[in-house]
Amino acid sequence: MIFKLTEEQEAVKRMVKSFAEKELAPYVDEWEEKEIFPREAFKKIAELGLFGMTCPEEYGGTNMGFLTSAIIYEELGKTYRAMSYVSINNLVCFLIYKNGNEEQRKRWVMPLAKGDLFGGFALTEPNAGSDAAAIQTSAEKRGDDYVLNGSKIFISAGGEADVYTVVAKTDKEKGASGASIFVVEKGTPGFSFGKIEKKMGMCSYPTRELIFDDCIVSKEHLLGDEGKGFKMIMEALDGGRINIGAISVGLAQAALDKALSYSKERVQFGKAISEFQGIQFMLADMATEIEAARLLVYKAAYMKDQGLKVTKEAAMAKRFATDVAMKVTTDAVQILGGYGYMKDYTVERYMREAKVGQIVEGTNQIQRVVIARELLK
Ligand code: COS
């Protein structure tokens with residue numbers, strides 16, 4: 001067991017760090033405040049090869065695998081949690097690559113991996129969040145076409161993304177085994193966008209409703225076989241959950257770094273507050289928990305790269321890393337005290353951004369369900 005990144009991974013990490021410092025960090029506050037979707041920044045990220053990290057080169061990807069991706073997400077997460085859109089695009093790419101036929105791969109994976117198209121992932125509905133199999137959006141077969149009806153909510157980059165993997169029921173009588181996945185392009189008649197949500201953080205990308213009203217797509221838009229969509233989604237989410245864990249590790253690390261430097265500068269009662277044991281113990285716990293989260297994330301990513309089933313490990317990594325990010329960012333605000341609560345010091349943004357990690361890609365309660373089910377098998 002070697003706890004050391006390869007030279008290649010170290011080089012990629014340095015490259016992403018430098019990119020994030022130059023191309024992202026100076027603009028984050030403006031993107032957040034003005035709710036600007038940083039399409040150009042994402043395009044540059046795609047040019048660096050980070051939009052199709054788990055797809056082969058022949059389909060425009062860079063095939064770096066999940067461990068190197070995790071290292072990259074960690075660096076992006078240190079700068080701006082909303083860079084998690086990169087993970088969504090990767091998830092869509094992976095989903096289509098893994099389950100699509102040759103024509104579908106060429107048509108969608110290639111441009112998605114290159115950043116010529118942006119992807120969106122549409123599963124959640126008003127009455128189907130944690131209970132994903134309860135989706136009601138329907139896809140009725142008519143000749144060689146499918147007619148989609150229903151709506152999806154909370155879709156990241158809704159309206160900005162060009163193609164969406166949409167989960168719909170081809171058999172409404174069935175639960176999970178009635179779900180199928182369709183690739184639906186923006187501009188398809190009957191497909192429109194609804195309300196843009198006002199969020200607690202990550203305001204630079206829209207979280208939006210998708211509406212399907214007799215939206216007709218040909219059978220060439222169905223991924224794999226009818227009724228197999230749920231398993232495809234769950235498998236893709238195993239990877240997505242590792243990415244969310246990695247982003248959360250980066251976010252927590254950024255908060256710890258801020259708390260560390262502030263504690264050395266802030267003088268109270270005649271000495272730096274870092275000299276007080278109360279602060280030292282907080283810093284020590286923050287660092288220890290981040291390290292534990294990082295190891296869980298790296299282990300799950302490593303296993304996924306070996307082709308092993310990681311349902312339990314990905315759920316553990318996501319659950320633990322996002323809870324750690326919530327705790328660490330909250331503690332960072334506490335260490336900065338009154339300043340921590342002010343917008344100028346960034347840690348309040350980290351705290352708001354951490355919260356979403358405990359909710360998305362399966363709430364942390366659902367991760368515990370997944371872990372327990374795997375344990376009890
Ligand atoms: N990989 C491959 N297959 C999987 C899988 C995985 N990780 N998880 C489940 N499956 C399969 C099961 O094996 C089962 O197949 P069979 O019917 O052949 O046995 C099928 O999928 C249905 O699984 P299950 O019976 O466990 O489904 P449930 O309805 O009980 O739901 C949970 C399972 C709760 C885990 C699922 O609904 C879930 O993950 N919910 C959260 C949704 C989510 O993450 N939403 C976020 C959207 S993106 S922000």
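Just so you know, ligand 1 is whichever comes first in the structure, and atom 1 is the first atom listed for that ligand.
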Any idea how F51 and F118 line up, ring-wise: parallel (<30°), tilted (30 to 60°), or perpendicular (>60°)?
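Taking F118 first and then F51, their aromatic rings stand perpendicular (interplane angle over 60°).
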Would you confirm whether any non-hydrogen atom of the protein falls under 4.0 Å from [atom]?
atom: atom 32 (C) of ligand 1; value: no
atom: atom 17 (O) of ligand 1; value: no
atom: atom 46 (C) of ligand 1; value: yes

Just going by heavy-atom distances, which of [options] is nearest to [atom]?
atom: atom 26 (O) of ligand 1; options: R373, E374, K228; answer: R373
atom: atom 20 (C) of ligand 1; options: F121, F154, F230; answer: F230
atom: atom 41 (C) of ligand 1; options: A132, A176, S130, S177; answer: S130

Which residue holds the protein heavy atom closest to [atom], what is that atom called, and what is the gap in Å?
atom: atom 12 (C) of ligand 1; result: K231 CE, 4.5 Å
atom: atom 39 (O) of ligand 1; result: R241 NH2, 3.1 Å
atom: atom 38 (C) of ligand 1; result: M234 CE, 3.6 Å
atom: atom 49 (S) of ligand 1; result: E361 N, 3.2 Å

Just which atoms of ligand 1 are under 4.0 Å from any heavy atom in [X]?
X: G362; value: 43 (C), 44 (O), 45 (N), 46 (C)
X: G129; value: 42 (C)
X: A133; value: 29 (O)

E348/R352 salt bridge by N-O under 4.0 Å criterion
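So R352 pairs with E348 through a salt bridge.
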Using side-chain contact (heavy atoms from CB on, under 4.5 Å) as the criterion, point out the one residue from K258, K264, R266 that pairs with Y262.
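Only one of K258, K264, R266 forms a side-chain contact (heavy atoms from CB on, under 4.5 Å) with Y262, namely R266.
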Side chains of S218 and E220: do they bring a donor and an acceptor to under 3.5 Å?
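Present: a donor and an acceptor within the cut-off.
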Classify the side-chain pair K318/N364 by whether it contains a donor and acceptor separated by less than 3.5 Å.
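Indeed, the side chains of K318 and N364 share at least one donor-acceptor pair under 3.5 Å.
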Any nitrogen or oxygen of T124 lying under 3.5 Å from a nitrogen or oxygen in ligand 1? Just yes or no.
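Checking ligand 1 against T124, no N or O pair falls under 3.5 Å apart.
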Polar-atom distance check: V370 versus ligand 1, any N or O pair below 3.5 Å?
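In fact, backbone or side chain, V370 has no N or O that close.
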Quick one: is the NZ or CZ of R81 closer than 6.0 Å to the six-membered ring centre of Y350, and within 45° of its axis?
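The answer is no; the distance or angle limit is not met.
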Before we go on, tell me: are the rings of Y205 and F37 under 6.0 Å apart, centre to centre?
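They do not qualify: ring centres at least 6.0 Å apart.
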Are the side chains of T363 and Q358 in contact, using a 4.5 Å heavy-atom criterion?
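No, their side chains stay 4.5 Å or more apart.
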May I ask you to check whether over 12 heavy atoms, not counting those of K343, lie within 6.0 Å of atom NZ?
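Atom NZ in K343 is not crowded, with 12 or fewer foreign heavy atoms closer than 6.0 Å.
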Tell me which one of Y164, W108, F191 satisfies ring pair (Phe, Tyr, Trp, His ring centres under 6.0 Å) with H221.
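Exactly one candidate clears the test, W108.
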